A.B. asks: 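If you scroll down you'll find the structure; I have some questions about it.
None of the values given here were measured: they were computed from a predicted structure.
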Amino acid sequence: MDNRTLTESGPQVNNRAIARLFATVADILEVKGENRFRVLSYRNGAEAIDSMGSELTGIYHDGGVPALIELPGIGKGIAAKIEELITTGRSLFVEELLESTPPGILDILHLAGMGPKKTGSLYRELGIDSIEALEAAAATGKLQTLPGFGEKTEQKILKAIESFKSFSGRNRISIARAVAAGLIEYLKEVSGVTSVEAAGSLRRWRENIGDVDLLAISTEPLAVMEAFTGHPSVATVVMKGSTRSTVVLESGGGGRSSGLQVDLRVLSPDDYGSALVHFTGSKAHNVALRERAKAKGLKVSEYGVFRVTAAGEVAAEGERIAGATEESVYSALGLPFIAPELREDRGEIEAALEGTLPTLVEQSDLRGDLHCHTVWSDGACPIEEMAEAAMALGYDYLAVTDHSRSLTVAHGLDSARLAEQIDKIDVYNEKLRESGKSFRLLKGSEVDILSDGTLDHPDVLLARLDIVVAAVHSGFGMERAKMTARVIAAIESGRVNIIAHPTGRLIGMREPFEIDMEAVLRAAKEHHVAMEVNSYPERLDLNDVHLRLAKELGVKVAISTDAHAADQFVNMEYGVHTARRGWIEPEDVINCLPLEELLRFLGKG
DNA sequence: GCCGTTTTCGGCCCGACTGTTTTCAGTCG
């Protein structure tokens, strides 16, 4: 939780550490009552750095401060601080700020219902500088002595502290999707409701979901709100109005909903498009849309697109020019429709203006799956069952890629068993051919990349395979340079087709290992090796930011499920949407290729 | 602190809900 020093991230000053530092600077300046636009600048800078594929250190070494200033959201002031951080590992400005601010104040700032004004006045007036001190003061009624703090505020603060203490991090996307699906079915039954759907980060398919945003279209908003706040799994009603309500769900069995916050907005059918744009976000995307609208003498809100007078008033009755559909909203701003996954203010509006938006990959573009496991290693189903499930999905091919011998916990195959499996798959394919089916099982392996960068099967055996998927499964703590060299050695071996889950992360459980992804991607490009998007909701690896970089560098991608059972092929949608967030098009994806062309890519054609 | 198909200075999105207020500030998304 404490991100007050860069040194803990090691000598390498990486983007993530710099972004966190600037976000903290924004928080501190805000509590200090600094100009809110200056605060915004640091916050925007932090977000821009976080969504950057290339490391700032590299950009700085290649082009110095001028190259930094070229980056969106980075100006003279922030660039100078980045330079100082890169060259000296520290920033005097940041250190002075940190020293002047007790860390507990930032915890208070992040409590629900607390903002910079209240946090600042608590500190200045009562000297409250930690959650513990705040709790003690609230419990004894001390807070009510402050102007603007009443009894209800005190109770809300105590409640916020309670949920702060039990908070277990953001909910994984798969959990949030399941919760949202249940609520959507429930709300659809309410009288007057014509549609309910998930908006917010869920619709944008972010890998972590802070809260669930639902949008209902209804002519009877009050009935919807009654039903929503009365749902049996609601633990707390945070707020309830005629168009907007917020609840917190109970931590259900097995932590399924784990105190998830859900926002519901209800609007009328005429507002459907503008409401969906508004509630899908992201916030940064909406701000960019509204700035553009303003420059054109227009105003965008959840209620539509309006003409405004010079004084900023809505021009006149009937001056609403769009709002019924999302397309109409974008069109009124002179833009084509922008897919939800792209709406992060990462250049999508500029691309839309230039007509260079990508034609994003869709699940129906996929011809097969290139990573799965069977009972031969740690899978739950026999080869035949996995093959039949893949055929039922309409795939043309499926690669069987069981683990190699070093991964003993997964019953990895030794050379003899892999050879046996190869023969078995040959027989199976022959049977398919005889029965006139065009489906093909590809003989493969998910071979371990050992600590020294060598592969866990002998070359002669790997040469017999159609496809080799290589992955790191051990030694995650290896230092950055070594790990980079290890993976690049595998790429340069000439035996590998795909690098699987390239950072090894497990969302919310295990950090990605240290690796120079840009160097890995450049090597992959040079040696015609594809990078995997692993579709496990816990992995989503590569992530959106790395995929965008891969696309820019011209690296091919494989979207795979890594299924360990036939019912896990459905996870493919997570991989597809993550790829879409990385601006990936069908032509970038090797499993969008027909079998013959895929085999040529694999060097087997 | 950032930024520029009105600007290198003067702007910097829009609206709902709550609580403590006699008309609005603070917070949130």
A.B. asks: Scan A:Val300 against the nucleic acid and name what it touches under 4.0 Å (heavy atoms): base, sugar-phosphate only, or nothing.
C.D. replies: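 Result for A:Val300 = sugar-phosphate.
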A.B. asks: Which residues within residues 110-125 of chain A lie with some heavy atom under 4.0 Å of an atom in DNA chain B?
C.D. replies: A:Leu111, A:Ala112, A:Gly113, A:Met114, A:Gly115, A:Pro116, A:Lys117, A:Lys118
A.B. asks: Using the P atoms only, state how far B:dG26 lies from B:dT21, rounded to an integer number of Å.
C.D. replies: 13 Å
A.B. asks: Starting at CD of A:Glu197, measure out to CG of A:Asp213 and round the result to the nearest 0.5 Å.
C.D. replies: 12.0 Å
A.B. asks: Mind calculating the distance between CG (A:Asp345) and C1' (B:dC3) to the nearest angstrom?
C.D. replies: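 Between C1' of B:dC3 and CG of A:Asp345: 13 Å.
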A.B. asks: Testing A:Arg346, A:Lys551, A:Arg580 for salt bridge (charged side-chain N to carboxylate O under 4.0 Å, His left out) with A:Asp544, which one passes?
C.D. replies: A:Arg346
A.B. asks: Rounding to an integer number of Å, can you tell me how far A:Leu267 CG sits from B:dC14 C1'?
C.D. replies: 13 Å
A.B. asks: Rounded to whole Å, how long is the line connecting atom CG of A:Asp27 with atom C1' of B:dT27?
C.D. replies: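 Atom CG in A:Asp27 sits about 14 Å away from atom C1' in B:dT27.
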A.B. asks: CZ of A:Arg43 versus P of B:dC28: gap in Å, rounded?
C.D. replies: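 In whole Å, B:dC28 P lies 11 Å from A:Arg43 CZ.
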A.B. asks: Looking at B:dC28, I'd like to know if its phosphate oxygens (OP1 or OP2) sit under 4.0 Å from a side-chain N or O belonging to A:Lys283.
C.D. replies: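 A:Lys283 to B:dC28 OP1/OP2: no side-chain N or O under 4.0 Å.
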A.B. asks: Using atom CD of A:Gln261 as one end and atom C1' of B:dG29 as the other, report the distance to the nearest whole Å.
C.D. replies: 10 Å
A.B. asks: Tell me which residues in residues 69-78 of chain A lie within less than 4.0 Å of DNA chain B, going by non-hydrogen atoms.
C.D. replies: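 Within residues 69-78 of chain A, the residues near DNA chain B are A:Pro72, A:Gly73, A:Ile74, A:Gly75, A:Lys76, A:Gly77, A:Ile78.
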A.B. asks: Roughly how far apart, to the nearest Å, are B:dT8 and B:dG4 at atom P?
C.D. replies: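 The same atom, P, in both gives a distance of 13 Å.
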A.B. asks: When you match A:Glu291 and A:Asp213 each to their closest nucleotide on DNA chain B, which lands nearer the 5' end?
C.D. replies: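 Of the two residues, A:Glu291 wins.
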A.B. asks: Can you check the A:Leu40 CG to B:dC3 P distance for me, whole Å?
C.D. replies: 11 Å
A.B. asks: So that I can tick it off, tell me whether A:Arg36 and A:Glu30 are bridged by a salt bridge, with the cut-off set at under 4.0 angstrom between side-chain N and carboxylate O.
C.D. replies: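 A salt bridge is absent here (no side-chain N lies under 4.0 Å from a carboxylate O).
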A.B. asks: Check nucleotides 5-8 of chain B for protein N or O atoms closer than 3.5 Å to its own N or O atoms and list the pairs.
C.D. replies:
none

A.B. asks: Looking only at atom C1', what distance separates B:dT7 and B:dG11, rounded to whole Å?
C.D. replies: 9 Å
A.B. asks: Between A:Thr236 and A:Val238, is there a donor-acceptor pair closer than 3.5 Å when you use the side chain of the first and the backbone of the second?
C.D. replies: no
A.B. asks: For a 4.5 angstrom cut-off between non-hydrogen side-chain atoms, does A:Arg343 reach A:Thr280?
C.D. replies: yes
A.B. asks: Please give, in whole Å, the distance from B:dG1 C1' to A:Glu34 CD?
C.D. replies: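 In whole Å, B:dG1 C1' lies 9 Å from A:Glu34 CD.
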A.B. asks: Quick one: does A:Tyr123's side chain have a donor or acceptor within less than 3.5 Å of a partner on A:Lys32's backbone?
C.D. replies: no
A.B. asks: Between A:Tyr42 and A:Phe22, what is the ring plane arrangement, given parallel below 30°, perpendicular above 60°, and tilted in between?
C.D. replies: tilted
A.B. asks: Output yes when A:Arg203 and A:Glu326 qualify as a salt bridge under the 4.0 Å nitrogen-oxygen rule, no when they do not.
C.D. replies: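 So A:Arg203 pairs with A:Glu326 through a salt bridge.
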A.B. asks: Rounded to whole Å, how long is the line connecting atom CG of A:Leu109 with atom C1' of B:dG26?
C.D. replies: 13 Å
A.B. asks: Output the distance between atom CZ (A:Arg265) and atom CG (A:Leu215), rounded to the nearest 0.5 Å.
C.D. replies: 9.0 Å
A.B. asks: Looking only at atom C1', what distance separates B:dT20 and B:dC14, rounded to whole Å?
C.D. replies: 24 Å
A.B. asks: Touch check for A:Asp263, heavy atoms < 4.0 angstrom, all strands: base, sugar-phosphate only, or nothing?
C.D. replies: sugar-phosphate
A.B. asks: Check every strand shown and say whether A:Lys81 touches a base, only sugar-phosphate, or nothing at a heavy-atom separation below 4.0 Å.
C.D. replies: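 Sugar-phosphate, backbone atoms only, no base.
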A.B. asks: Applying side chain to side chain donor-acceptor pair (under 3.5 Å), which residue pairs with at least one partner in residues 145-158 of chain A are found, sequence neighbours left out?
C.D. replies: A:Gln144-A:Glu154
A.B. asks: Contacts to DNA chain B from residues 272-280 of chain A, heavy-atom cutoff under 4.0 Å, which residues?
C.D. replies: none
A.B. asks: Could you go through nucleotides 16-19 of chain B and list every protein N or O atom that sits under 3.5 Å from one of its N or O atoms, giving the distance for each pair?
C.D. replies:
residue	atom	partner	partner atom	Å
B:dA16	OP1	A:Tyr303	OH	3.0
B:dA16	O3'	A:Thr243	OG1	3.2
B:dC17	OP1	A:Ser242	N	3.0
B:dC17	OP1	A:Thr243	N	3.0
B:dC17	OP1	A:Arg244	N	3.2
B:dT18	OP1	A:Lys240	N	2.9
B:dT18	OP1	A:Lys240	O	3.3
B:dG19	O3'	A:Thr153	OG1	3.1

A.B. asks: Is A:Gln144 close enough to B:dT20 that one of its side-chain N or O atoms is under 4.0 Å from OP1 or OP2 there?
C.D. replies: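 Answer is no, no contact under 4.0 Å.
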